[in-house]
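One structure below.
Just the heavy atoms: all of them, side chains too, but no hydrogens, waters or symmetry mates, feed the values below.
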Protein chains: 2
Amino acid sequence: MKEIAPDMKQKIKSIAIQLFYQKGYHACSISNIAERAGIQKSSIYYHYLNKEELLYGILKDTMDDLNQSLDESLVNVKGTEARLIAMIRTHLNFHMDRQKEVIISDSELRGLTSDNLRSVLRMRDDYDRKMRDIIREGIAEGLFINRDPRVVANAIITMCTQSSLWYNPRGNLSKEEIIDIYTKIIFEGIRDRK
Amino acid sequence: MKEIAPDMKQKIKSIAIQLFYQKGYHACSISNIAERAGIQKSSIYYHYLNKEELLYGILKDTMDDLNQSLDESLVNVKGTEARLIAMIRTHLNFHMDRQKEVIISDSELRGLTSDNLRSVLRMRDDYDRKMRDIIREGIAEGLFINRDPRVVANAIITMCTQSSLWYNPRGNLSKEEIIDIYTKIIFEGIRDRK
DNA sequence: GTCTATATGTGGATAGAC
DNA sequence: GTCTATCCACATATAGAC
């Protein structure tokens, strides 16, 4: 079980994440990936059926992990507000931890064809629905403002999602500080109440 | 001055907006555009120097219009809070009115090279700075919560920006209703205070 | 201002040797 | 599992006729 260097299949995937993120899926060629991996482009096809399978693998795994993170973070958490807080925390942490993959997930869906696209969209919808359901419950319980749950959920999710675009692990704000700011804004707004 | 049909240069641009939005810049070829315009691909080059110039024209004009809309909406508006409310309204209206163009602007920056890229980034920075400055003022005046202005401004802008991704002009929510929800969330948060 | 024809490069992908 | 060699389609872009 000596696993010093990651095997080539994983190495190719890592490089693809880096390059799809940097240049975009369509602007990044199989040659580009092969070059970085130190192999010939034809060798890529030993590990992956085609370019789309490479993209699909990235998106699928990312969505799987995201959904799993969410589920785990909600185990034994009771109460609508506490659950929403946990969701926000998890969503932000995930998007700051896996910036490149979530950026690819959010921008390269168009690179997938029929079945693969459907599969990833279903995963994304599952995730979004969990968020909407919490908002809906909160509204029903009179905890949250009574506005269209879809719009409210969307506003919250997308606001947090964008952290992937600017968060800098070497910046002067910790993830905890950022989570604090977002949670505060989401629940209380930006108006200072002293 | 008979301008019944838009001239071909404008027609090409409109088609490019539609296709860059649908398929992405790199996945959309000059042939695709020419086909829709009912001309040969070589004819595109009579109107535009190259493909990048076409993209640049879209991004530049969009950013120009966005900046201009913002400036106009702030004329004679006094007070930090009123100015921020006006900015939010303008940003949302613009992103719901010009969905395709702003989506392209947010996703295809990588298609630009050096000078064009710098130029568009400068416009975007100008815009972002205006938002940050308002937040900064509000914090200084004790109106807004005292958190990192960059993060707060970013959270607000990006939340509103995403409206371009889901807003449906034929949906059951008017732009005014959406503006109301967002403004409410930004200032008061989602917690219901009865 | 649009056409036909073409140059030139590069893309994704496959065949078959080692 | 990686290589060399190659196929074929399509990309951007140009030249020059009408």
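Within a heavy-atom distance below 4.0 Å of DNA chain C, the residues of residues 24-33 of chain A found are Cys28(A), Ser29(A), Ile30(A), Ser31(A). DNA chain D is contacted by Ser42(B), Tyr45(B), Asn50(B), Lys51(B) of residues 42-54 of chain B, taking any non-hydrogen atom closer than 4.0 Å.
For the pair Lys51(B) (side chain) and Tyr25(B) (backbone), a donor-acceptor distance under 3.5 Å is present. No donor-acceptor distance shorter than 3.5 angstrom exists from the side chain of Glu188(B) to the backbone of Gly189(A), with no hydrogens or angles considered. For the pair Asn32(B) (side chain) and Ser29(B) (backbone), a donor-acceptor distance under 3.5 Å is present.
Below 30°, between 30° and 60°, or above 60°: for Trp166(B) and Tyr182(B) the angle between ring planes is below 30°, a parallel geometry.
Aromatic ring centroids of His91(B) and Tyr127(B) lie under 6.0 Å apart.
Atom pair Glu35(A):CD and dG12(C):P shows a separation of 13 Å (rounding to whole Å applied). The CG atom of Leu55(A) sits 12 Å away from the P atom of dG12(C) (whole-angstrom rounding). Spacing between atom CD of Gln40(B) and atom C1' of dT4(C) amounts to 8 Å, rounded to whole angstrom units. Following rounding to the nearest Å, Lys41(A) (NZ) and dA5(D) (P) show an atom-to-atom distance of 13 Å.
Atom OH of Tyr21(A) sits in a sparse spot, with 12 or fewer heavy atoms from other residues, nucleotides or ligands closer than 6.0 Å.
Partners of Arg132(A) according to the salt bridge (Lys or Arg N to Asp or Glu O under 4.0 Å) rule, which considers only residues two or more places apart in sequence or in another chain, do not exist here.
The pair Lys13(A)-Glu101(A) does not count as a salt bridge, with every side-chain nitrogen at least 4.0 angstrom from each carboxylate oxygen.
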